[in-house]
Amino acid sequence: MTKAKFVMFIYALAAILSMVGIGFSVSLIGVTGTKYDTAGIIGVLACIIVMCIIFMMAFKTKRKFKEQGLL
């Protein structure tokens, strides 16, 4: 596996973990109790923001690698 593909693999893993975090946060909202509702909503918003940042960085890196001919 080349270095470029390994970097893209790391971005993919980070995006998957962010999606899992969204699912976990949604499940916190379903738990009875008001203190978990707030944590769940904050977790969903935080994970969505992190996932958007990861995707932006990954697409910029992919374009850079394609221009260099590494992918």
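Numbers for residues simply follow the sequence, beginning at 1. Bear in mind that the values here come from a model prediction, so they are computed numbers and not experimental data.
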**Q** With hydrophobic residues grouped by side-chain heavy-atom distances under 4.5 Å, do Leu17 and Met56 end up in a single group?
**A**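 No; tracing contacts between hydrophobic side chains, which count when under 4.5 Å, never links both residues.
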**Q** Can you measure from CD1 (Ile22) to CE (Met19) and round to the nearest 0.5 angstrom?
**A**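 The CD1 atom of Ile22 sits 7.5 Å away from the CE atom of Met19.
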**Q** Do Val50 and Ile42 sit in the same hydrophobic cluster, where Ile, Leu, Val, Met, Phe, Trp and Tyr count as joined when their side-chain heavy atoms come under 4.5 Å apart?
**A**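 Result: no, two separate clusters.
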**Q** Taking all non-hydrogen atoms of both residues into account, name the closest pair between Ser18 and Met51 and its distance.
**A**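 Closest heavy-atom pair between Ser18 and Met51: OG-CB, 3.3 Å.
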**Q** How far does CD1 of Ile29 sit from OG1 of Thr38, to the nearest 0.5 angstrom?
**A**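 Answer for the CD1-OG1 pair, Ile29 versus Thr38, is 9.5 Å.
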**Q** Using 0.5 Å steps for rounding, measure from the CG atom of Leu13 to the OH atom of Tyr11.
**A**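 Reported value, rounded in 0.5 Å steps: 13.0 Å.
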**Q** Taking all heavy atoms of Leu70 and all of Ala4, pick out the closest pair and write down the distance.
**A**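 Minimum heavy-atom contact is CB-CB, 3.9 Å.
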**Q** So which of Met57, Lys64, Arg63 actually passes side-chain contact (heavy atoms from CB on, under 4.5 Å) with Lys60?
**A**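 With Lys60 as partner, side-chain contact (heavy atoms from CB on, under 4.5 Å) holds for just one option, Arg63.
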**Q** Among the clusters formed by ILVMFWY side chains lying less than 4.5 Å apart, do Phe59 and Ile48 turn up in the same one?
**A**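 Same hydrophobic cluster.
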**Q** Mind checking whether Phe55 and Val20 sit in one hydrophobic cluster, side chains of I, L, V, M, F, W, Y counted as touching below 4.5 Å?
**A**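 Result: no, two separate clusters.
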**Q** Just verifying a value: how many Å separate Ile54 CD1 and Ile16 CD1, rounded to the nearest 0.5 Å?
**A**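 Answer for the CD1-CD1 pair, Ile54 versus Ile16, is 10.5 Å.
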